There are 4 protein chains.
Amino acid sequence: MIITVDPSNPKPTYLQIVDSIRRAIATGAVKPGDQLPTIRDVAVQARVNRNTVSRAYLELEHMGLVRSRQGSGSFLTDNEPGLDQRERLKIIKRIADELALEASHYKIPLEQVIAIVRDSAAELNKETEHE
Amino acid sequence: MIITVDPSNPKPTYLQIVDSIRRAIATGAVKPGDQLPTIRDVAVQARVNRNTVSRAYLELEHMGLVRSRQGSGSFLTDNEPGLDQRERLKIIKRIADELALEASHYKIPLEQVIAIVRDSAAELNKETEHE
Amino acid sequence: MIITVDPSNPKPTYLQIVDSIRRAIATGAVKPGDQLPTIRDVAVQARVNRNTVSRAYLELEHMGLVRSRQGSGSFLTDNEPGLDQRERLKIIKRIADELALEASHYKIPLEQVIAIVRDSAAELNKETEHE
Amino acid sequence: MIITVDPSNPKPTYLQIVDSIRRAIATGAVKPGDQLPTIRDVAVQARVNRNTVSRAYLELEHMGLVRSRQGSGSFLTDNEPGLDQRERLKIIKRIADELALEASHYKIPLEQVIAIVRDSAAELNKETEHE
DNA sequence: GTGGTCTAGACCACC
DNA sequence: GTGGTCTAGACCACG
């Protein structure tokens with residue numbers, strides 16, 4: 001699994017790591033029960049401090065996606081995310097609003113924006129289809 | 001102009017104000033040359049500290065959308081945003097990626113997500129069309 | 001609010017802080033909407049590092065009991081805990097089992113154990129009744 | 001003797017094994033002088049690493065409950081636990097406090113909690129009475 | 001002033 | 001080997 005951290009991205013490092021792993025989950029690169037790379041490995045690979053990776057894994061644990069056990073490692077759970085449908089749609093709407101606002105501000109046509117969204121989704125599904 | 005701040009929104013207050021004003025620009029509620037509401041008015045209306053509104057206006061100045069004139073208030077400029085096309089698309093892509101990731105995580109179908117994006121765009125254009 | 005940390009207690013420091021605050025909530029010493037003592041204040045008072053208190057507040061935030069906002073402080077939410085009744089009883093049962101096992105091991109009579117439990121509960125309710 | 005390990009239980013594996021054996025002692029399933037199952041047997045049955053079982057048996061030795069004889073296995077001693085009454089009550093009080101705090105937090109009535117404690121104690125004594 | 005993030009490095013607990 | 005905790009101290013972001 002490839003965990004990338006972009007220092008120019010304003011998003012906090014630990015959340016970028018969270019996103020990397022959530023992306024790996026979405027693409028099917030890791031499956032429920034699988035062991036995640038160790039905290040130390042990710043720290044070396046992404047060139048960040050161990051504590052920062054710890055923080056990311058803690059977040060994933062609070063999201064119910066990961067379970068870490070002392071001495072044996074961190075594993076993907078088989079849980080579904082726990083939010084109800086309303087909450088989910090609220091989150092999606094918030095991001096969609098932001099997308100529409102930025103696009104309008106930069107005068108990027110709606111259809112082009114939608115093409116970009118399709119593109120992002122396709123990148124996630126690319127690997128999934130191979131299973 | 002209505003400036004709303006939602007304390008449950010994790011986005012910082014000053015950026016919520018920035019977004020409100022950018023939204024007003026996008027919908028045509030304010031036009032180049034128009035005076036913006038005073039910092040004090042916004043602070044009272046949105047029930048936030050004046051420093052926070054100040055911070056928002058400063059941000060808008062940095063974006064080149066607003067110019068403050070000594071003693072007479074803040075006015076909308078007629079500037080186009082200053083980023084080049086590549087930068088703009090990079091920002092859009094980042095948001096689109098996030099949208100796709102969240103949607104996949106919550107198992108919301110792509111077409112529904114796109115419908116929501118169209119919706120968000122339509123809300124922005126609603127008022128514009130009336131002009 | 002008094003936050004106490006006992007170095008001889010094997011429970012991690014940050015969880016002892018969490019318990020102190022949960023205890024303050026249970027006794028009614030803090031109410032929904034109230035501001036909690038600042039992270040820095042707790043750190044000084046309990047003689048621990050700021051980061052340790054941060055960790056405790058983060059945990060409380062993940063439990064849905066507290067909301068922290070940059071620049072303004074940490075506040076008690078008005079949420080009810082989010083577990084369903086089954087989960088709650090499972091947690092209670094686990095502690096009850098441990099209590100029964102230790103008591104049996106130390107040959108402490110059941111009725112004495114129950115008296116101690118009543119005592120612990122009374123300490124929590126003492127202050128509440130004064131409201 | 002049945003040793004069970006629940007991976008969803010946050011308690012460390014070796015302590016879960018310790019508790020299983022202490023429970024067997026409390027119910028009278030094993031008596032002073034009896035031989036305990038071999039480390040290897042427990043490891044196979046509970047599907048854990050032999051080192052983990054070793055660690056559990058070591059802990060039981062430290063508690064004075066078990067003595068290992070070279071080459072012939074581990075046997076239950078006829079020792080009484082070595083803590084003085086104050087220490088014992090302190091441990092009981094700590095668990096009782098935790099029980100009261102969780103119950104209050106989850107709004108479970110005190111009498112129901114006590115019924116659960118009686119239940120836990122009854123489960124321990126059930127088998128004892130048959131002797 | 002508030003809380004948030006990150007680093008460096010130490011030590012502990014568990015398997 | 002694994003993850004967990006804590007410290008010290010720096011710097012940033014927000015109101």
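Below, read A as the first sequence line, B as the second, and so on, with proteins coming before strands; counting in each chain starts at 1. When reading the values below, keep in mind they use all heavy atoms of this one structure, side chains included, and skip hydrogens, waters and symmetry mates. Remember, predicted model here, so these are calculated numbers, not experimental data.
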(request) Hey, could you give me each pair passing salt bridge (Lys or Arg N to Asp or Glu O under 4.0 Å) that has a residue in residues 46-55 of chain B? Not counting sequence neighbours. (result) none
(request) Give me the residues of residues 12-25 of chain A where at least one heavy atom lies under 4.0 Å from an atom of DNA chain F, by number, or none. (result) none
(message) Any side-chain to backbone donor/acceptor pair from C:Asp34 onto C:Lys31? Under 3.5 Å, distance only.
(response) yes
(message) Short of 4.0 Å, heavy atom to strand atom, which residues of residues 34-46 of chain C count as contacting DNA chain E?
(response) C:Thr38, C:Ile39, C:Arg40
(request) Using the salt bridge (Lys or Arg N to Asp or Glu O under 4.0 Å) rule, collect all pairs that involve residues 14-25 of chain B, keeping only residues at least two apart or in two chains. (result) A:Glu102-B:Arg22, B:Lys11-B:Asp19
(message) Check this for me, if you would: do D:Arg88 and D:Asp84 make a salt bridge, where the nitrogen-to-carboxylate-oxygen distance has to be below 4.0 angstrom?
(response) no
(message) Using a 4.0 Å cut-off on heavy atoms, which residues in residues 67-75 of chain A reach DNA chain E? List them by number, or say none.
(response) A:Gln70, A:Gly71
(request) List in chain and number order the residues that pass side-chain contact (heavy atoms from CB on, under 4.5 Å) with C:Gln70, two or more places apart in sequence or in another chain; answer none if no residue qualifies. (result) none
(message) Closest-nucleotide mapping onto DNA chain F: is B:Thr52 or A:Arg50 further toward the 5' terminus? I mean the 5' end.
(response) A:Arg50
(message) Which is more 5' along DNA chain E, the nucleotide nearest A:Asn49 or the one nearest D:Asn49? Just name the residue.
(response) A:Asn49
(message) Just to be sure I understand the rule, does C:Arg55 reach a base, reach only the sugar-phosphate, or reach nothing, if contact means heavy atoms closer than 4.0 Å?
(response) sugar-phosphate
(request) Mind checking the CD-CG spacing from D:Gln16 to D:Asp6? Nearest 0.5 Å is all I need. (result) 6.0 Å
(request) Only counting residues at least two apart or in another chain, list the ones meeting side chain to side chain donor-acceptor pair (under 3.5 Å) with A:Ser20. (result) none
(message) Taking A:Leu65's backbone N and O only, do any of them form a donor-acceptor pair with A:Thr77's side chain (distance below 3.5 Å, no angle check)?
(response) yes
(request) Working to the nearest 0.5 Å, report the span between NZ of A:Lys93 and CG of A:Leu99. (result) 11.0 Å
(message) With heavy atoms of chain B within less than 4.0 Å as the criterion, where does contact along DNA chain F begin and end?
(response) F:dC14 to F:dG15
(message) I need the full list of ring pair (Phe, Tyr, Trp, His ring centres under 6.0 Å) pairs touching residues 34-74 of chain B, with sequence neighbours left out, sorted by first then second residue.
(response) none
(request) Using side-chain contact (heavy atoms from CB on, under 4.5 Å) as the criterion, list what pairs up with B:Pro12, not counting sequence neighbours. (result) B:Tyr14, B:Leu15
(message) Going by salt bridge (Lys or Arg N to Asp or Glu O under 4.0 Å), name the pairs with one or both residues in residues 58-73 of chain B, residues two or more places apart or in two chains.
(response) none
(request) Give the minimum heavy-atom separation between D:Gln35 and D:Gly73, together with the two atoms involved. (result) NE2-CA, 3.9 Å
(request) Could you give me the stems involving DNA chain F, meaning stretches of three or more consecutive Watson-Crick or G-U wobble pairs whose two defining distances are both below 3.5 Å? (result) E:1-14 with F:1-14
(request) Answer yes if the side chains of B:Ser68 and B:Ser74 hold a donor-acceptor pair under 3.5 Å, and no otherwise. (result) yes
